[in-house]
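Each remark here refers to the structure printed beneath this line.
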Amino acid sequence: MAATSLAPATAGSTTAAARGRAHDPVLHPRLVAVVTALGCAAHLWLAASSHHDVWLAVLMVVLAAVCLPCAVHIWRYSRVGALHQVAGAAAAMAALHASLLLGSGGAGHSHAGVPPSSAAHADGAGGLLLVIALELVTALLAASLVARLRRLPA
C-alpha cells in the first residue's frame with residue numbers, strides 16, 4: 001500500500017507523512033541547504049571567472065555538481081546521509097584551503113606559477129581565511145543538524 005498522509009510512513013520514507021511531523025526542525029535544514037547552495041554558486045562563479053587554471057575550474061564545477069543535489073536533499077528531506085556528505089566535504093575543503101594558506105607562506109595559492117605581489121599576498125590570505133571560516137560554519141551547521149535529528153523522537 002502506498003504511503004499517504006493518512007497511512008504511517010515506513011522507515012526512510014520521504015512521503016508527506018514522514019516529512020510533515022510537527023517536531024521536525026525547519027529553519028536549521030533550510031539554513032544548511034542555503035549555505036551549501038551558496039558554496040556551490042561560489043565554486044561556479046570562481047570557475048567562470050577564469051582566475052584559475054582550466055583543470056582547477058573543471059574541478060570546481062564537479063564539486064558544485066556533487067554538492068548541489070545534497071543541498072536539495074537537505075532542503076526537502078533533511079537526509080542524514082546528505083548532511084554527512086556536506087559536513088565531510090566542507091571540513092575537507094577547509095583543510096585543503098588551510099594547507100594552501102600555510103603551504104605558500106600565507107599568500108594563498110599562486111596563479112599560473114606567478115608569485116603574488118605584496119598586495120595580492122594580503123588579499124589572498126584574507127580571502128582564504130574567509131573561505132575557511134565559511135567552510136567550517138557549513139560543516140558545523142550540518143553536524144549540529146545531524147545531532148539534532150538524532151535526538152528527535154522517532
Side-chain angles (χ1 to χ4, degrees), residues 1-104 108-111 123-154:
M1 175 168 128
T4 65
S5 60
L6 299 176
T10 59
S13 174
T14 58
T15 63
R19 286 190 313 262
R21 296 182 297 223
H23 59 274
D24 283 352
V26 176
L27 182 61
H28 198 163
R30 300 287 163 92
L31 181 62
V32 175
V34 167
V35 170
T36 303
L38 287 175
C40 293
H43 277 98
L44 293 174
W45 178 76
L46 286 170
S49 68
S50 301
H51 291 295
H52 295 86
D53 293 333
V54 173
W55 71 270
L56 196 54
V58 170
L59 181 63
M60 286 188 278
V61 170
V62 169
L63 287 171
V66 167
C67 289
L68 197 56
C70 288
V72 172
H73 287 293
I74 293 167
W75 181 277
R76 295 181 74 191
Y77 310 115
S78 299
R79 293 223 172 123
V80 173
L83 289 164
H84 282 157
Q85 188 169 346
V86 165
M93 292 302 293
L96 172 72
H97 285 115
S99 70
L100 288 173
L101 181 67
L102 297 173
S104 60
H109 52 284
S110 61
H111 299 281
D123 289 342
L128 276 176
L129 285 174
L130 179 62
V131 167
I132 292 166
L134 290 173
E135 289 162 341
L136 290 175
V137 166
T138 303
L140 288 172
L141 283 170
S144 64
L145 181 55
V146 168
R148 186 175 181 188
L149 291 172
R150 286 185 176 166
R151 285 192 310 255
L152 291 176

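Note that the structure is a prediction, hence the values are computed from the model and not measured.
- Atom CD of E135 and atom CG of L96 lie 8.0 Å apart (nearest 0.5 Å).
- The NE2 atom of H97 lies 10.0 Å from the CG atom of L101; values are rounded to the nearest 0.5 Å.
- Considering all non-hydrogen atoms of both residues, H43 and A64 come closest at CB-CB, 4.2 Å.
- The SG atom of C67 sits 12.5 Å away from atom CG of L38, with the distance rounded to the nearest 0.5 Å.
- Under a 3.5 Å cut-off, the side chain of H28 and the backbone N or O of L141 do form a donor-acceptor pair.
- The line from CG of L128 to CG of L100 is 6.5 Å long, rounded to the nearest 0.5 Å.
- At distances below 3.5 Å, at least one donor-acceptor pair connects side-chain atoms of R30 with backbone N or O atoms of W75.
- Closest non-hydrogen pair, A91 versus A139, comes out as N-CB, 4.1 Å.
- With a 4.5 Å cut-off on side-chain heavy atoms, L149 and P25 count as touching.
- Considering every non-hydrogen atom in both L46 and H52, the closest pair reads O-ND1, 4.0 Å.
- You'll find the side chain of L59 reaches within 4.5 Å of the side chain of L56, heavy atoms only.
- In this structure, the side chains of Q85 and H73 stay at 4.5 Å or more apart for every pair of heavy atoms.
- Contact check for V32 versus T138: no side-chain heavy atoms found under the 4.5 Å cut-off.
- Remark: L63 CG to L68 CG distance equals 12.5 Å, nearest 0.5 Å.
- For the pair S49 and H51, the tightest heavy-atom approach, listed with the atom from each and the gap, is OG-CD2, 3.0 Å.
- Closest of all the heavy-atom pairs between A142 and L83 is CB-O, 3.7 Å.
- Looking only at side-chain heavy atoms (C-beta outward), H84 and V80 come within less than 4.5 Å of each other.
- In terms of heavy atoms, A37 sits closest to A71 at N-CB, 4.1 Å.
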